[in-house]
**Q** 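Pasting a structure below so you can have a look.
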Amino acid sequence: TGGYTNDASLLYNRLLRSLEDLSNRELVDDWQRTVIFVEPNANQPDNLIWKYYWTVRKEMEKRSEDSIQKARKLAQDEK
């Protein structure tokens, strides 16, 4: 880490705090930027980029599930 562990942790925590405020496009951009730096299927819990990659991916999945549920509710309401 070259002695930048504290700086990396601060940045990681800032990114996590702002995650909910990101648009879907910004989430996809972050996902694309991080996937080139990690092996997604390798378990690397000490790697903050890997952890952020998975956090972004889970948020993307959550949002898509929420969108599907909203669409289903709208369809039910129209019946």
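Atom set for the values below is all heavy atoms of this structure, side chains included, hydrogens, waters and symmetry mates excluded. Quick note: residue numbers are just sequence positions, from 1. As the structure is a prediction and not an experimental result, all values here were calculated from the model.
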**Q** Under the rule for side-chain hydrogen bond (donor to acceptor under 3.5 Å, both in side chains), what residues qualify as partners of Lys73, not counting sequence neighbours?
**A** Asp77

**Q** Cluster question for you: counting only ILVMFWY and a side-chain heavy-atom cut-off of under 4.5 Å, with indirect links fine, are Leu27 and Ile36 together?
**A** yes

**Q** Of all residues at least two apart in sequence or in a different chain, which pass the side-chain contact (heavy atoms from CB on, under 4.5 Å) check with Arg33?
**A** Asp29, Asp30

**Q** Given the rule in the side-chain contact (heavy atoms from CB on, under 4.5 Å) test, do Thr55 and Lys58 qualify, once you have shown the distances and angles that lead to the verdict?
**A** CA-CA 5 Å; Thr55 303; Lys58 288 176 188 174; 5.9 Å; no

**Q** Mind listing the side-chain donor-acceptor pairs of residues 9-20 below 3.5 Å, one per line with the distance, residues two or more places apart or on another chain?
**A**
{"unit_1": "Ser9", "atom_1": "OG", "unit_2": "Thr5", "atom_2": "O", "d": "3.1"}
{"unit_1": "Asn13", "atom_1": "ND2", "unit_2": "Ser9", "atom_2": "O", "d": "3.1"}
{"unit_1": "Ser18", "atom_1": "OG", "unit_2": "Arg14", "atom_2": "O", "d": "3.4"}
{"unit_1": "Ser18", "atom_1": "OG", "unit_2": "Leu15", "atom_2": "O", "d": "3.1"}

**Q** Ignoring hydrogens, what is the shortest heavy-atom contact between Arg63 and Asn24? Give both atom names and the distance.
**A** NH1-OD1, 2.9 Å

**Q** Check Pro40 against Trp50 and note the closest heavy-atom contact, atom names and distance.
**A** O-NE1, 3.4 Å

**Q** So does Ile49 get a backbone contact from the side chain of Trp54, meaning a donor-acceptor N/O pair under 3.5 Å?
**A** no

**Q** For Lys62, what residues pass the side-chain contact (heavy atoms from CB on, under 4.5 Å) criterion, not counting sequence neighbours?
**A** Glu59, Asp66

**Q** Does the pair Ser23 and Glu26 meet the rule for a side-chain contact (heavy atoms from CB on, under 4.5 Å), with working shown?
**A** CA-CA 5 Å; Ser23 68; Glu26 290 169 321; 3.3 Å; yes

**Q** State the CD-OG distance between Gln69 and Ser64, to the nearest 0.5 angstrom.
**A** 10.0 Å

**Q** Quick check: are there more than 12 heavy atoms from other residues, nucleotides or ligands sitting under 6.0 Å from CH2 of Trp31?
**A** no

**Q** Taking only residues two or more places apart in sequence, or in another chain, which ones meet Glu61 in a salt bridge (Lys or Arg N to Asp or Glu O under 4.0 Å)?
**A** Arg57

**Q** Just grab all the side chain to side chain donor-acceptor pair (under 3.5 Å) pairs involving residues 39-48, residues at least two apart or on different chains.
**A** Gln44-Asn47

